[in-house]
Number of protein chains: 2
Amino acid sequence: MEALFQHMERYIDLTAADKDVLSETLRLRIVKRKEHLLEEGRFCHSNYFICKGCCRLYYVNDKGVEQTVQFGIDNWWITDLVAYTSEKLSQFYLQATEAGALVVWDRRGEEKLFRRIPALERYFRLILLRAAAAEQQRSRYFSDLSGEERYHHFNRSFPEFVQRVPQYMLASYLGFTPEFLSKIRAGKT
Amino acid sequence: MEALFQHMERYIDLTAADKDVLSETLRLRIVKRKEHLLEEGRFCHSNYFICKGCCRLYYVNDKGVEQTVQFGIDNWWITDLVAYTSEKLSQFYLQATEAGALVVWDRRGEEKLFRRIPALERYFRLILLRAAAAEQQRSRYFSDLSGEERYHHFNRSFPEFVQRVPQYMLASYLGFTPEFLSKIRAGKT
DNA sequence: TTAAAAACTTAATCTATTTCAAGAAAGGAA
DNA sequence: TTCCTTTCTTGAAATAGATTAAGTTTTTAA
């Protein structure tokens with residue numbers, strides 16, 4: 001929980017009272033490797049802050065193949081935002097790819113929190129802004145680079161991360177097949 | 001400007017005084033077809049609310065081809081978020097694809113506005129949340145559908161919009177070449 | 001410590017999409 | 001209207017990456 005406070009304090013000021021309110025309202029969840037936080041066809045009541053660990057948002061296509069659309073690591077928020085905001089059934093799975101600890105932010109009770117700690121509006125505005133900026137960049141790399149270039153670029157940008165997840169998850173995130181990633185690696189290392 | 005107030009009031013309450021402050025701080029800008037609001041290599045001081053019209057964010061790749069990464073129409077905000085938030089030089093062009101009217105939100109003066117009208121934090125949080133949710137959906141369609149399917153899906157979802165922009169802009173936005181789009185169209189309609 | 005499951009590799013074949021090149025149509029300005 | 005620019009079309013040849021299938025290596029759980 002301390003990890004979340006520190007993250008928030010990068011963007012806003014929190015009083016001791018604010019932290020008490022947050023501690024009382026939010027709860028910690030310990031997850032095992034491969035544990036699901038959300039499955040397709042379920043309602044999504046929570047947004048998750050990753051204190052420690054790695055999660056991925058993925059879906060399963062008609063052929064039964066898992067496609068990862070987003071990764072989250074320490075100090076990121078992750079959830080199925082469509083399901084979370086619209087109260088519709090989720091079209092995604094949310095899974096911990098390694099053991100870790102999360103803070104669970106519940107949609108029910110969210111408004112109360114925003115009313116009690118208005119600075120949270122700002123906090124989420126700012127992290128969503130960062131995410132949107134990152135997404136514009138990613139859009140660009142995605143259309144500008146070939147699959148192979150995309151892999152090398154990602155590898156250079158996040159070398160430690162590439163070690164943390166299975167290749168097949170990374171491949172689908174980067175927009176190609178695991179077999180192709182295997183070839184890229186064979187060609188260069 | 002009235003268009004912006006109406007949009008804000010979908011998410012937050014605005015007093016008459018709030019509107020006065022906004023009117024005094026923000027300014028309206030009329031744009032012609034093809035007019036640029038931002039060019040590569042420039043600083044980006046503004047975020048734009050499109051009252052009426054259509055804009056696109058694009059870059060020019062090594063081959064000199066324009067790649068559209070985002071469209072905005074009536075009631076959307078658009079800018080180069082990396083350049084806007086980091087105060088670095090822009091890597092994108094922002095262009096009006098048709099004549100229109102925009103509200104210019106200036107970064108300098110932004111903090112003052114947030115302090116005077118704290119509800120704006122919430123407004124931007126909520127629209128960024130929507131954008132992030134839409135982006136997760138888009139990510140999914142992008143990896144799940146073939147180029148041709150993506151075009152048909154987009155065409156079905158936004159039929160009126162497809163008429164509004166040149167095919168080559170749409171093609172790069174959908175992730176393929178104008179020639180290919182031409183062939184898709186020839187094949188069906 | 002071992003068996004089973006999960007993850008990765010390799011190679012041959014196949015295909016969606018790109019590239020190139022040239023011409024046709026449409027649109028705007030004069 | 002006419003010209004000039006922009007946008008769109010068409011077809012042939014090339015290619016990045018997918019698919020399939022089988023085998024190998026690594027990891028996990030018992």
Side-chain angles (χ1 to χ4, degrees), chain A residues 31-36 54 56 58 60-68 71 93 95-100 141-155 161-189, chain B residues 31-36 54 56 58 60-68 71 93 95-100 141-155 161-189:
Chain A
V31 285
K32 285 189 274 200
R33 200 171 106 83
K34 303 215 167 183
E35 188 171 336
H36 279 98
C54 179
R56 65 167 179 147
Y58 71 94
V60 178
N61 70 17
D62 334 324
K63 289 166 196 149
V65 177
E66 299 176 357
Q67 297 284 345
T68 299
F71 283 113
Y93 294 83
Q95 181 191 43
T97 66
E98 52 187 63
Y141 288 129
F142 223 86
S143 68
D144 208 18
L145 305 180
S146 70
E148 176 159 8
E149 290 168 326
R150 224 145 55 222
Y151 169 72
H152 290 308
H153 183 268
F154 191 84
N155 213 10
F161 180 75
V162 173
Q163 307 304 116
R164 268 168 86 169
V165 297
Q167 251 175 67
Y168 74 92
M169 291 183 193
L170 187 60
S172 73
Y173 178 71
L174 291 176
F176 44 72
T177 60
E179 291 88 344
F180 185 60
L181 178 43
S182 196
K183 270 174 220 171
I184 293 173
R185 278 197 165 161
K188 282 229 164 182
T189 296
Chain B
V31 286
K32 285 189 275 200
R33 200 170 105 83
K34 304 215 165 183
E35 189 171 336
H36 279 97
C54 179
R56 66 167 177 146
Y58 71 95
V60 178
N61 69 17
D62 335 324
K63 289 166 196 146
V65 178
E66 298 175 357
Q67 296 284 346
T68 299
F71 282 113
Y93 295 83
Q95 181 190 44
T97 66
E98 53 186 60
Y141 287 130
F142 223 86
S143 69
D144 208 19
L145 306 180
S146 70
E148 175 157 8
E149 290 168 327
R150 224 145 57 223
Y151 170 73
H152 290 310
H153 182 268
F154 190 84
N155 213 10
F161 179 74
V162 173
Q163 306 305 116
R164 268 167 86 168
V165 297
Q167 251 174 68
Y168 74 93
M169 292 183 193
L170 188 59
S172 73
Y173 178 71
L174 292 176
F176 45 71
T177 59
E179 292 90 339
F180 186 59
L181 178 44
S182 194
K183 277 167 211 175
I184 293 171
R185 279 197 165 159
K188 280 235 161 179
T189 285

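In what follows, chains are A, B, ... by sequence order, proteins preceding strands, each numbered from 1.
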Classify the nucleic acid contact of B/Ser146 as base, sugar-phosphate or nothing, counting any heavy atom under 4.0 Å across all strands shown.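 The residue B/Ser146 makes sugar-phosphate contact but no base contact.
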
B/Leu181 CG to B/Glu148 CD distance, which is reported to the nearest 0.5 Å: 10.0 Å

Hey, what do you get for CG (A/Leu145) to CZ (A/Phe154), rounding to the nearest 0.5 Å?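 A/Leu145 CG to A/Phe154 CZ: 13.0 Å, rounded to 0.5 Å.
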
So does B/Lys34 get a backbone contact from the side chain of B/Gln95, meaning a donor-acceptor N/O pair under 3.5 Å? yes

Is there a donor-acceptor pair under 3.5 Å between the side chain of A/Thr68 and the backbone N or O of A/Ser172?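 The answer is no, because no donor-acceptor pair under 3.5 Å joins these two groups.
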
Side-chain N or O of A/Lys63 less than 4.0 angstrom from OP1 or OP2 on D/dT19?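 Answer yes for this pair, as a side-chain N or O of A/Lys63 is under 4.0 Å from OP1 or OP2.
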
Answer yes or no: does a side-chain N or O of B/Thr177 lie under 4.0 Å from OP1 or OP2 of C/dT18? yes

Would you mind reading off the distance between [X] atom [atom1] and [N] atom [atom2], rounded to a whole angstrom?
| X | N | atom1 | atom2 | answer |
| --- | --- | --- | --- | --- |
| B/Arg150 | C/dA16 | CZ | P | 14 Å |
| A/Leu145 | D/dG17 | CG | C1' | 16 Å |
| B/Phe176 | D/dG17 | CZ | P | 17 Å |
| B/Phe180 | D/dA12 | CZ | C1' | 16 Å |
| A/Glu149 | D/dA16 | CD | P | 10 Å |
| B/Arg185 | D/dT7 | CZ | P | 14 Å |
| A/Ile184 | D/dA16 | CD1 | P | 12 Å |
| B/Glu98 | D/dT6 | CD | P | 19 Å |

Choose from D/dA18, D/dT7, C/dT19 the nucleotide whose nearest atom is closest to any side-chain atom of B/Lys183.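 Output: C/dT19.
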
Minimum-distance nucleotide (side-chain atoms of B/Lys34 versus C/dA7, D/dT7, D/dC8):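 When the side chain of B/Lys34 is considered, D/dT7 is the closest of C/dA7, D/dT7, D/dC8.
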
Of the residues in residues 164-175 of chain B, which ones touch DNA chain C at a heavy-atom distance under 4.0 Å?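 Correct list: B/Gly175.
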
For A/Phe142 and A/Leu174, the nearest pair of non-hydrogen atoms, with its separation, is CZ-O, 3.5 Å

Compare every heavy atom of B/Cys54 with every heavy atom of B/Arg164, then report the nearest pair and how far apart it is.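 Shortest heavy-atom separation between B/Arg164 and B/Cys54 comes out as NH2-CB, 4.0 Å.
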
Measure from NZ or CZ of A/Arg150 to the centre of the six-membered ring of A/Tyr141 and say whether it is under 6.0 Å with the direction within 45° of the ring axis.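 A/Arg150 over A/Tyr141 ring: no.
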
Check the angle between the aromatic planes of A/Tyr58 and A/His36 and answer parallel, tilted or perpendicular using the 30° and 60° thresholds.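 The arrangement is tilted - the two ring planes meet at 30° to 60°.
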
Would you please indicate if the ring centroids of B/Phe161 and B/Phe71 are separated by under 6.0 Å?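 B/Phe161 vs B/Phe71: aromatic centres under 6.0 Å.
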
What does the B/S/- profile of nucleotides 20-30 of chain D look like, 5' to 3', with a 4.0 Å heavy-atom cutoff to protein? B-------S--

